[in-house]
Structure formats: structure tokens, C-alpha cells
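Below is one structure, written out as C-alpha cells; the observations come after it.
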Amino acid sequence: MPEMVGPQPQYDVFADEFLDHARDGLYNAHYDRPACLALLGDVDGRTVLDAACGPGLYAEELVSRGARVIGLDISPRMVELAGQRVPDGDFRVHDLSAPLDWLPDRSVDLVLFALALEYLDDRPAALREFHRVLRPGGALVLSRQHPTGDWLRHGGNYFEPRVIEETWSKGWQVRYWLSPLEQTCEELRQAGFLIEQLREPRPTRRAGELDPETYQRLSTQPTGFLAIRAVPRC
């Protein structure tokens, strides 16, 4: 039987702790969020689908910049937190292994998919749904763990996709896919996207004040995240 991550909402059990951690944490607030928001560009007056929205931290910033946000997450508690944080958003519980059948074709201007790709077993299917709901001229912005950093931490065959289980520093237990960069690029191609930009972000200056050692490492080594802006081929 092939390895799978499965449909369980892993972050549900530590959703409140995650919000406290990510609100001003280095990796989220001063590394990934700025990179993703920069790739999204001007969102004023645009409809953004925040897929795997978590507790609404990206959505909060998007709404403050004039966007209309539709958010989804597999975790009921995350959706509850997002709704509390961003009352103007439209949030619902949804498992991305299922189609976005509640969203019409060409109904959103942008899709944000931050740090959740590795939790999906059928990534091309979800990416095809993002392609379907995007309007002409739209774009998908996704971020993922840097595959080189994954390989440096876990070893093994870099080119062999595999599921790992890991306990993070706060005791959070997670299960996700390790996969090479070429696989992510190919999955985007299969879903009908062209990669317009690929960024290996650098942390903000504020990150250097919070944690100089981590700031130095993320500024000089491919051990954190990467972010991609992809556009529909047709």
C-alpha cells in the first residue's frame, strides 16, 4: 500500500498554540508571509482564495490591503480562529483532497497556498482545482519547505518522494511529504501552470532582532522555505 499523509486535520490539536506561535514568529511573520504577500502583489479590489488559511494571519493582512478573502482549511478550529480574526472573510472547512465544488469556474483573482502543499497526497488534483477557479490573468502563489533543507535534515535519497513523521520543537507531531523541487515544478505543469517567479526568501530585518542565529542561517543557507508564483497556461 502506498505511503499517504491521509485526511486527518493535523493542526487542529494545536491550532491555538500555532496562532500564538505564528502571529509574530520568525518563520511565519518575518519570512514566509512577507514573501508570499510580495508575490501576490496589489490585491486591492481583488478576490483571493486563501487555501489552507490556518488561523487567518495571511487573510488579515490581505483584507487590510483591500482584498476580498475566501478561506478554507481542513481544521475546524483553524477556520473558527480565522473567522474570529477576520470577520469580513468568508471561511469554511474543506479538505483539499475533494474538489472545490462550491466555487464556480473563474471566480477568484488569486490563490494563496502557503506551507500546505506537503500535506496533500494528490497534489496535482488540488492544483488543477486552483487552475479551474482562477480568472484569466490570475495567479497562484504557493510556498513550501525548501527541499534542500528537508534533505539536509532527513538525509536519504533526495529524489525519492516519501512520507515522514516528525515531532517539532513545541511537541507538535506532523506527517508530511518530502519531495524534490522538480516534482513540485512538474505537478504545477500537469495542473496547467507556468512558473512565473521562484523565490528563495530572505528573512526581514526584524527577524535579525528576534533571533540573530536563525536570521543568519536563513540569510545564507537553503534551509527554510521557498515561494512560487505560477500563472495558468491557458
Are Tyr119 and Tyr11 close enough, and set up right, to give a ring pair (Phe, Tyr, Trp, His ring centres under 6.0 Å), and what steps lead you there? CA-CA 11 Å; Tyr119 297 102; Tyr11 280 58; 5.6 Å; yes
Is any side-chain heavy atom of [Y] closer than 4.5 Å to one of [X]?
X: Arg85; Y: Pro55; result: no
X: Thr223; Y: Thr148; result: no
X: Tyr27; Y: Leu218; result: yes
X: Asp16; Y: Arg77; result: yes
X: Asp24; Y: His30; result: yes

SB check Glu166 Arg153 (cutoff 4.0 Å): yes
Salt bridge or not for Arg65 and Glu61, using N-O below 4.0 Å? yes
Please walk me through it: do Gln10 and Tyr176 pass side chain to side chain donor-acceptor pair (under 3.5 Å)? CA-CA 10 Å; Gln10 299 184 54; Tyr176 60 91; over 6 Å; no
When Leu49 is tested against each of Leu103, Asp90, Val69 for side chain to side chain contact (heavy atoms under 4.5 Å, CB included), which residue passes? Leu103
Is a donor from one side chain sitting under 3.5 angstrom from an acceptor on the other, for Trp151 and Asn157? no
If you look at every heavy atom in Cys185 and Ile195, which pair is closest and at what distance? SG-CD1, 3.6 Å
